[in-house]
There are 2 protein chains.
Amino acid sequence: MVSRVESAAATRRALVDAAAALLDEGGPDAVTLREVGARAGVSRGAPYGHFPDKEHLLAAVAAERWDAIGVRLDALIADRDRPPADRLEQALAGLMEVGRQSPHAYALMFSTPVGVYPDAIAAVSRTHDQFLAIVTDVIGDPARSGPVGALLMSSVQGIIAMENSGLLTAEKWHVTGDELLHMLIDRIAASDRR
Amino acid sequence: MVSRVESAAATRRALVDAAAALLDEGGPDAVTLREVGARAGVSRGAPYGHFPDKEHLLAAVAAERWDAIGVRLDALIADRDRPPADRLEQALAGLMEVGRQSPHAYALMFSTPVGVYPDAIAAVSRTHDQFLAIVTDVIGDPARSGPVGALLMSSVQGIIAMENSGLLTAEKWHVTGDELLHMLIDRIAASDRR
DNA sequence: TTCTTCATGTGACGTTGTCATGTGAATGAC
DNA sequence: GTCATTCACATGACAACGTCACATGAAGAA
């Protein structure tokens, strides 16, 4: 019924899910291998059968979250009835939503170690390609969609980082994160529209 | 010669300097209270005479770095010969430089805990006010300089985060961080110029 | 001098990531 | 069916860590 490899794959998934849940619930410090093992129904040493160390487990969490965003972008791309500009706005709003609902995971996705782990690199690359495709549909000129896409994704990350760290106060800046997003769309994406 | 309060103040400064140096050299994991104490010439328990816990020490490091940026902005503001648009560009370039030279400290400055510690809040607030003054000099309309300033600072943080995490690859996006900065200046700051 | 204050040193404790080793069940050969 | 092998997992152990309770000793006040 459950072969050995199936059981191992299920354990690996349980470990990643447990780590992701702990990260969302209590931040990076709450992710301990002992608690991850307990939630996955295994012992504290079990993760070492699937990952070289804790950082690789966290990289797997980051990769999974990038893939999750990729799924959302896929749904957007498949919706051919929606105007391209609408799709881009929805894509950016989706990034903002993820960043707000899972601030710790979002920070992990954009933190240094991600670029070192092959699985994470692949997931990031796929999702970024999808995002670029959406941008290109709006911009037209493929030579411009790269820089424009990079600026959009960078800025959204920055807006979320400022929001989540409490640095984007209304009293100081007289603006909300959503308003910044629309400034960005108006002045970066819209001005390059074909 | 050295009074008790003078000695205590010197120790506190040595602790913050040691923590900052360790953070720059080896990242967050390299900052251990034992090593901080050793570099400051005191024992591992000494920090508890100056900070409630390790996070408050790190918050002091973040506050010091925000103040350091404030000093750079002060020099820019004092230079009345330079055109306002030039000052803003120099201010943003300065942020990029800090983010590149001290990636770990830069990440700390924009990470969640910063907003909780009074000293860090004050330092951030002062520096943001200075940045806003520079933006207002370019924009003219004070009601618009808030949102514009917030978008500029957020975006610069995002660009640095993407750069430092290795996500801003030239092959994928066909653009550099510096080019993104100038896109930002042209389309956000320049278009609002009075 | 004597007392008080307070920064610092030190021993101890619980928790963490990690490794070496043991174990037991699924797998494949015959 | 029997046996040997493989491999995911459990367990004990260890060093390093943040933190606390307590001891110490010198500076400042009386």
Side-chain angles (χ1 to χ4, degrees), chain A residues 1-23 25-62 104 108 111-114 116-117 119, chain B residues 1-23 25-62 104 108 111-114 116-117 119:
Chain A
M1 197 57 172
V2 276
S3 74
R4 191 157 58 175
V5 299
E6 281 169 352
S7 164
T11 299
R12 190 196 139 100
R13 167 147 309 179
L15 288 170
V16 175
D17 288 347
L22 286 168
L23 181 63
E25 292 171 17
D29 292 348
V31 184
T32 70
L33 290 183
R34 282 162 171 81
E35 185 63 23
V36 167
R39 291 218 186 181
V42 292
S43 78
R44 70 182 191 276
Y48 287 92
H50 302 269
F51 306 95
D53 55 24
K54 185 184 179 182
E55 290 207 34
H56 280 79
L57 171 59
L58 288 174
V61 172
H104 301 295
L108 175 68
S111 70
T112 319
V114 175
V116 184
Y117 307 93
D119 290 357
Chain B
M1 196 59 170
V2 277
S3 74
R4 191 158 58 174
V5 298
E6 281 170 354
S7 165
T11 298
R12 189 196 140 99
R13 168 147 308 179
L15 288 169
V16 175
D17 288 347
L22 286 168
L23 180 65
E25 292 171 17
D29 292 348
V31 184
T32 70
L33 290 183
R34 283 164 170 81
E35 185 63 24
V36 167
R39 291 219 186 181
V42 293
S43 77
R44 69 184 191 275
Y48 288 93
H50 300 269
F51 306 95
D53 55 24
K54 185 184 179 182
E55 291 209 33
H56 280 78
L57 171 59
L58 288 174
V61 172
H104 301 296
L108 174 68
S111 69
T112 319
V114 175
V116 184
Y117 306 94
D119 290 357

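Protein chains get the first letters and strands the later ones, always in sequence-line order, with residue 1 at the start of each.
Between D17(A) and V61(A), the closest side-chain pair of non-hydrogen atoms is not below 4.5 Å. Inter-residue side-chain proximity for L33(A) and Y48(A) is flagged as met; some heavy-atom pair is nearer than 4.5 Å. Side-chain contact between L23(A) and P28(A): present, with at least one pair of heavy atoms (C-beta onward) separated by less than 4.5 Å.
The nearest whole Å value for the distance from the CZ atom in F51(A) to the C1' atom in dC19(C) is 18 Å. Following rounding to the nearest Å, H56(A) (NE2) and dT18(C) (C1') show an atom-to-atom distance of 15 Å. Rounding to whole angstrom units, NE2 of residue H50(A) and C1' of dC7(D) are separated by 10 Å.
In this structure, the salt bridge (charged side-chain N to carboxylate O under 4.0 Å, His left out) partners of E35(A), at least two apart in sequence or on a different chain, are R39(A). For D53(A), the side-chain hydrogen bond (donor to acceptor under 3.5 Å, both in side chains) partners are H56(A), not counting sequence neighbours.
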**Prompt:** Which nucleotides of nucleotides 18-26 of chain D have their base under 4.0 Å from a protein heavy atom (B), which only their sugar-phosphate (S), and which neither (-), written as one string 5' to 3'?
**Reply:** BB------B
